[in-house]
Amino acid sequence: MKPQISVKHIVIDLIYLSNQLTDLFKGNSEYLPIIDFLYDKDYLNDELDIPFPKLKDLEEATGIKPHILRKLLLKMHNEVFNSESKVTLNFTKVLYRFYMKFYDQSCYFEVDHLPHLPRIGENINLPFTKSCIDINSFYVENIIHELINDTQVISLWLKVGNYNEYWRFMKDRAIELREVGFKELHEFEEDVLKQKIYSNSRNYNRR
């Protein structure tokens, strides 16, 4: 049995594609009131902190009756998320976000263009971040790609020092064996995390 799609979630999904909606549904005038409403506010701007709209907000703003609104939202969703659909999403922009942390020092900046995307394990020297972090030699620890509106957002997490394949293996092993949890991974300093994981490893090997 096919699971029922949440109309509330469809609204949020469409907000994350709001910059593309006009082009996606070109020629479908019945969708215009919905598109205009979703595009009217910048719900994805963290600084504005605008809460996602409720279905009732959409009903009142567009004047569309609830049962018709539900039908239209389901149609819009089906036109995008359907293997037989001719509608294609288009992410034309790229934004790089760099995150760095070293004990109580941290740094963040954005880049519109890079000639080459650094890969996990590669070293990066950033001489222009010394006012934020005393050390300017880093390596790429993790990369996450996110598709929002018409932009591919690539987030790079950098660590001070050089990439250590053995440490990466031990950390992944500890995660797999559930020796460390999500909270510890993100809150512990690396030297504390290493002490815990290597200690657990020695105890594990004595069994």
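Since the structure is predicted, the reported quantities are computational estimates derived from the model, not experimental observations. Along the sequence shown, the residues carry numbers beginning at 1.
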Discussion item. Once rounded to the nearest 0.5 Å, what's the spacing between atom CG of Asn142 and atom NZ of Lys159?
Written reply: 10.0 Å
Worksheet item: Which pair of heavy atoms, one from Asn123 and one from Gly161, lies closest together, and at what distance?
Response: OD1-O, 4.1 Å
Item to complete: Report yes if the side chains of Val140 and Leu158 come closer than 4.5 Å at any heavy-atom pair, otherwise no.
Response: yes
Fill in: For Ile5 against Leu74, the heavy-atom pair lying closest together
CB-CD2, 4.3 Å
Worksheet item: Got a donor-acceptor contact below 3.5 angstrom from the Gln20 side chain to the Leu17 backbone?
Response: no
Worksheet item: Any chain of hydrophobic side-chain contacts (each under 4.5 Å) joining Leu156 to Leu95?
Response: no
Practice prompt. With sequence neighbours excluded, tell me which residues meet ring-ring contact (aromatic ring centres under 6.0 Å, His included) with Tyr99.
Written response: Tyr108, Trp157
Item to complete: Just jot down the ring-ring contact (aromatic ring centres under 6.0 Å, His included) partners of Tyr139, sequence neighbours excluded, or say none.
Response: Tyr163
Worksheet item: Which value, rounded to the nearest 0.5 Å, describes the distance between Asn164 atom CG and Lys194 atom NZ?
Response: 6.0 Å
Worksheet item: With side chains defined as the heavy atoms from C-beta onward, is the minimum distance between Phe98 and Thr129 less than 4.5 Å?
Response: no
Worksheet item: Does Asn136 use its side chain to pair, donor to acceptor, with the backbone of Asn125 at less than 3.5 Å?
Response: no
Worksheet item: Are Val7 and Tyr16 grouped together when hydrophobic residues (ILVMFWY) are joined by side-chain heavy atoms under 4.5 angstrom apart?
Response: yes
Practice prompt. If the plane angle is over 60° it's perpendicular, under 30° parallel, otherwise tilted; pick one for Tyr43 and Phe52.
Written response: tilted
Worksheet item: Are Phe138 and Ile144 connected in a single hydrophobic cluster, I mean Ile/Leu/Val/Met/Phe/Trp/Tyr linked by side-chain heavy atoms less than 4.5 Å apart?
Response: no
Worksheet item: Going through the checks in order, is the side-chain contact (heavy atoms from CB on, under 4.5 Å) test met by Asn90 and Asp23?
Response: CA-CA 9 Å; Asn90 190 18; Asp23 290 332; over 6 Å; no
Worksheet, complete the sentence: Which of Glu184, Glu165, Glu141 passes salt bridge (Lys or Arg N to Asp or Glu O under 4.0 Å) with Lys171? It is Glu141
Practice prompt. Measure the spacing between CG of Leu177 and CG of Asp172 and express it to the nearest 0.5 Å.
Written response: 11.0 Å
Worksheet item: Looking at NE2 of His77 and OG of Ser6, how far apart are the two atoms once the value is rounded to the nearest 0.5 Å?
Response: 9.5 Å
Worksheet item: Phe188: what forms a ring-ring contact (aromatic ring centres under 6.0 Å, His included) with it, not counting sequence neighbours?
Response: none
Worksheet item: Is Leu114 linked to Phe128 within one hydrophobic cluster, defined over Ile, Leu, Val, Met, Phe, Trp and Tyr using a side-chain heavy-atom separation of less than 4.5 Å?
Response: yes
Worksheet item: How many angstroms lie between atom CD1 of Ile135 and atom CD of Gln105, to the nearest 0.5 angstrom?
Response: 8.0 Å
Discussion item. Would Ile120 and Arg168 count as a side-chain contact (heavy atoms from CB on, under 4.5 Å) here? Give the steps.
Written reply: CA-CA 11 Å; Ile120 289 177; Arg168 179 73 181 228; 4.0 Å; yes
Check: residues 28-40 side-chain donor-acceptor pairs under 3.5 Å, at least two apart:
| residue | atom | partner | partner atom | Å |
| --- | --- | --- | --- | --- |
| Glu30 | OE2 | Lys75 | NZ | 2.9 |
| Tyr31 | OH | Glu79 | OE2 | 2.7 |

Worksheet item: Can you list every pair that meets salt bridge (charged side-chain N to carboxylate O under 4.0 Å, His left out) and has a residue in residues 92-116, with sequence neighbours left out?
Response: Lys93-Asp150, Arg97-Glu110, Lys101-Glu189
Discussion item. As an exercise, state the distance from CG of Leu117 to OH of Tyr96, rounded to the nearest 0.5 Å.
Written reply: 6.0 Å
Discussion item. Please find the pair of heavy atoms, one from Ile50 and one from Asp42, that lie closest to each other, and give the distance.
Written reply: CD1-O, 3.9 Å
Item to complete: Taking Arg119 for its side chain and Ile143 for its backbone only, find out whether a donor-acceptor pair lies under 3.5 Å.
Response: no
Solution key, residues 53-72 side-chain donor-acceptor pairs under 3.5 Å, sequence neighbours excluded:
| residue | atom | partner | partner atom | Å |
| --- | --- | --- | --- | --- |
| Asp57 | OD2 | Lys54 | N | 2.9 |
| Thr62 | OG1 | Leu58 | O | 2.6 |
| Thr62 | OG1 | Ile64 | N | 3.3 |

Fill in: Residues, nucleotides or ligands: over 12 heavy atoms within 6.0 Å of Phe169 CZ
no
Worksheet item: Are Tyr103 and Val192 grouped together when hydrophobic residues (ILVMFWY) are joined by side-chain heavy atoms under 4.5 angstrom apart?
Response: no
Worksheet item: Stepwise, does the side-chain contact (heavy atoms from CB on, under 4.5 Å) test hold for Leu193 with Trp167?
Response: CA-CA 11 Å; Leu193 194 60; Trp167 164 235; 4.2 Å; yes
